[in-house]
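Written below as structure tokens is the structure these notes are about.
Whatever order the structure lists ligands and atoms in, that order sets their numbers, starting from 1.
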Amino acid sequence: MAKVKVLTIFGTRPEAIKMAPLVKEIEKNSDKLESIVCVTAQHREMLDQVLELFNIKPDFDLNIMKENQNLWSLTSDVLLKTKDVIEKVLPDVVLVHGDTTTSMAAALSAFYAKIPVGHVEAGLRTFDKYYPFPEEINRVFTDSVCTYHFAPTDKSCENLIKSQIPKENIYKTGNTVIDALLYTVKNHPSNVEGLNLNPNLKTILLTSHRRENFGEPIRNICKAVLKLVENNKDIEFVYPVHPNPNVQKPVYELLENKERIHLIKPLEYAQFCSLMKKAHIILTDSGGVQEEAPSLGKPVLVLRDTTERPEAVDFGTVKLVGTDINKIISTVQLLLNDINEYKKMSEAINPYGDGLASKRIVEVLRKIN
Ligand code: UD1
Ligand code: UDP
């Protein structure tokens, strides 16, 4: 019997991290599945770091990233360039991930070719179309053109049902990010040597890149960091700064060459996992980090007002703090001063997966055709 041709399309760092274990699992099932990988390279260096770690050699590399790219040209580049790939490969199914412009435009491209699409990490919602922007609409749109919905949690399944997605097309799988995390920690042990951290200080890890935080909010985050290091001589911040110029500019302007603040380049995933493990507290507006850190037992303060990942908030290991300077300072200070508050937030939990999400998705793919 002919194999099921699976064309996996992704383009940014988080999609690559979360699709890598799935690509590997599809490859392991070569008796029934044929794996073809297309990267849009919406991200370049940050994507290549992940491809190298997981030893994935794409069959197609669309190489679309431009300096400070905009949503319009990004969308049209993905749409037009994936058209050629889809027409050449003629896959039985296209897989996309999450909520980026690559995911949304690649899903549309496959839909135009009448190829069924599987959405990995389906069903996440804030129900606020501008937060996060443009990701909330990318998710809703992608879910609406997809045939197979691989939802990580009960909550994401419920969201899909509310969006009129037929129940028989929804598969609760867990999030492949936990597959990636467990695989990486086990097979690529790394350490934070080389980052010049002071072993006598508490490390606070910070990441921030959301479009809705550009401008004043990101400046407020930086000002809160300055105040916190001034008030607490026993802490240091490590901030792998996202290469987006809208992030780089304000962050380097406000935080460069300040005592106990380390601005560093984005870390390759294995080393970033070690840094999360070493961190005392994590401040982030990242989606992926919100999912990974609770399983490492790290308190996470989310620099946003809403989240599509409410599970760890409900459990108490993640708190939404937004971007108000005083709120950030007082919440971090509470965790630094009050051991009971810290303990409450640092219990390891795994609401997002058990490391077997890719296997569950592959079980579904094997039954196509
Ligand atoms: C994108 C996604 C966002 C996701 C984030 C993960 C969209 C609209 N946004 O946002 O959902 O959470 O990735 O990080 O899909 N750049 C580099 N090198 C890289 C990557 C980026 O130089 O490896 C710079 C480029 O100047 C690029 C800019 O960052 O133009 C912005 O990249 P883009 O993918 O458009 O937006 P992100 O903010 O990364
Ligand atoms: N990450 C990484 N190196 C870094 C910062 C983050 O490998 O320097 C990983 C992190 O562990 C998570 C993913 O990148 O798996 C999150 O990516 P990002 O925050 O860019 O995107 P989001 O998840 O918000 O879409």
Side-chain angles (χ1 to χ4, degrees), residues 10-21 39-54 63-75 77-78 96-106 121 124 132-139 142 175-181 184-185 188 190 192 195 205-214 218 238-249 262-277 279 282 284-293 295-296 298 300 302-304 307-309 352:
F10 54 91
T12 66
R13 168 175 65 191
E15 293 164 79
I17 290 169
K18 292 167 166 184
M19 284 301 225
V39 294
T40 62
Q42 175 178 335
H43 284 172
R44 189 69 273 175
E45 315 87 86
M46 295 208 304
L47 172 76
D48 292 342
Q49 285 179 326
V50 184
L51 295 176
E52 194 178 326
L53 179 73
F54 287 91
N63 200 26
I64 63 170
M65 193 192 88
K66 299 187 186 90
E67 172 73 11
N68 208 5
Q69 59 209 3
N70 66 64
L71 294 175
W72 292 265
S73 68
L74 192 55
T75 304
D77 283 351
V78 176
V96 299
H97 181 278
D99 53 20
T100 67
T101 294
T102 285
S103 322
M104 178 274 292
E121 199 181 86
L124 275 64
F133 175 86
E135 289 84 1
E136 178 71 4
I137 290 302
N138 284 347
R139 292 172 192 140
T142 305
N175 197 312
T176 56
V177 77
I178 305 298
D179 305 15
L181 180 69
T184 304
V185 170
H188 296 276
S190 184
V192 291
L195 296 182
L205 170 59
L206 167 63
T207 80
S208 174
H209 70 83
R210 295 248 83 85
R211 271 181 160 71
E212 59 275 17
N213 281 346
F214 293 171
I218 205 161
V238 186
Y239 185 175
V241 189
H242 192 288
N244 193 323
N246 303 292
V247 178
Q248 292 268 327
K249 195 167 176 288
H262 304 266
L263 300 184
I264 57 175
K265 288 197 173 145
L267 291 175
E268 59 90 23
Y269 186 55
Q271 202 179 19
F272 189 77
C273 292
S274 308
L275 184 56
M276 283 193 287
K277 281 211 269 180
I282 300 177
T284 192
D285 63 11
S286 159
V289 177
Q290 279 180 68
E291 293 156 340
E292 291 160 341
S295 74
L296 300 172
K298 300 296 169 177
V300 182
V302 176
L303 303 160
R304 296 171 49 185
T307 183
E308 57 290 304
R309 295 165 169 92
Y352 298 108

Considering only the protein, which heavy-atom contact is closest to atom 34 (O) of ligand 1, and what is its distance? Gln42 NE2, 2.9 Å
Please confirm whether His242 comes under 4.0 Å of ligand 1, counting heavy atoms of the residue only. yes
For His242, give me all partners under ring pair (Phe, Tyr, Trp, His ring centres under 6.0 Å), at least two apart in sequence or on another chain. His43, His209
If you count the atoms of ligand 1 from 1 in the order shown, which ones are under 4.0 Å from a heavy atom of Glu135? 3 (C), 9 (N), 11 (O)
Any atoms of ligand 1 less than 4.0 Å from a non-hydrogen atom of Arg44? List them with their elements. 19 (C), 23 (O)
Salt bridge between Glu45 and Lys265, side-chain N to carboxylate O under 4.0 Å? no
For ligand 2, list every N/O pair with the protein closer than 3.5 Å, one pair per line with the distance.
| unit_1 | atom_1 | unit_2 | atom_2 | d |
| --- | --- | --- | --- | --- |
| ligand 2 | 3 (N) | Arg13 | NH1 | 3.4 |
| ligand 2 | 3 (N) | Leu267 | O | 2.7 |
| ligand 2 | 8 (O) | Leu267 | N | 2.8 |
| ligand 2 | 11 (O) | Glu292 | OE1 | 2.7 |
| ligand 2 | 11 (O) | Glu292 | OE2 | 3.4 |
| ligand 2 | 14 (O) | Arg13 | NE | 3.3 |
| ligand 2 | 15 (O) | Glu292 | OE1 | 3.4 |
| ligand 2 | 15 (O) | Glu292 | OE2 | 2.6 |
| ligand 2 | 19 (O) | His209 | NE2 | 3.4 |
| ligand 2 | 19 (O) | Ser286 | OG | 2.7 |
| ligand 2 | 20 (O) | Arg13 | NE | 3.4 |
| ligand 2 | 20 (O) | Arg13 | NH2 | 2.8 |
| ligand 2 | 21 (O) | His209 | NE2 | 3.4 |
| ligand 2 | 23 (O) | Ser286 | OG | 3.4 |
| ligand 2 | 23 (O) | Gly287 | N | 3.4 |
| ligand 2 | 23 (O) | Gly288 | N | 2.7 |
| ligand 2 | 24 (O) | His209 | NE2 | 2.9 |
| ligand 2 | 24 (O) | Arg210 | NH1 | 3.2 |
| ligand 2 | 24 (O) | Ser286 | OG | 3.4 |
| ligand 2 | 24 (O) | Gly287 | N | 2.8 |

At under 4.0 Å between heavy atoms, is it the side chain or the backbone of Gln69 that contacts ligand 1, or both, or neither? both
Could you tell me if Thr207 and Thr284 have a donor-acceptor pair between their side chains, going purely by distance under 3.5 Å? yes
Any idea which atoms of ligand 1 are less than 4.0 Å away from a heavy-atom of Leu71? 8 (C)
Identify, with sequence neighbours excluded, every residue that meets salt bridge (Lys or Arg N to Asp or Glu O under 4.0 Å) alongside Asp179. none
Enumerated ligand 1 atoms positioned under 4.0 Å from heavy atoms of Pro134: 8 (C)
Heavy-atom contacts under 4.0 Å between Pro14 and ligand 1: side chain, backbone, both, or neither? side chain
Structural part of Pro245 in contact with ligand 1, heavy atom criterion under 4.0 angstrom: side chain
Is it the side chain (CB and beyond), the backbone, both or neither of Lys66 that lies under 4.0 Å from ligand 1, heavy atoms counted? backbone
With a 4.0 Å heavy-atom cut-off (strictly under), which part of Asn138 contacts ligand 1: side chain, backbone, both or neither? neither
Among Asn244, Asp285, Asn70, Thr207, closest by heavy atom to atom 31 (C) of ligand 1 is Asn244
Check ligand 1 against Asn68 and write out every atom of the ligand that is under 4.0 Å from a heavy-atom position of the residue. 25 (C), 26 (O), 27 (C), 30 (O)
By number and element, which atoms of ligand 1 are closer than 4.0 Å to a non-hydrogen atom of Glu67? 26 (O), 30 (O)
Heavy-atom proximity to atom 17 (C) of ligand 1 ranks first, among His43, Met65, Met46, Arg13, for Met65
Restricting to ring pair (Phe, Tyr, Trp, His ring centres under 6.0 Å), what partner residues turn up for Tyr239, sequence neighbours left out? none
List every atom of ligand 1 that sits less than 4.0 Å from any heavy atom of Thr101, numbering the atoms from 1 in the order shown and giving each element. 7 (C), 8 (C), 15 (O)
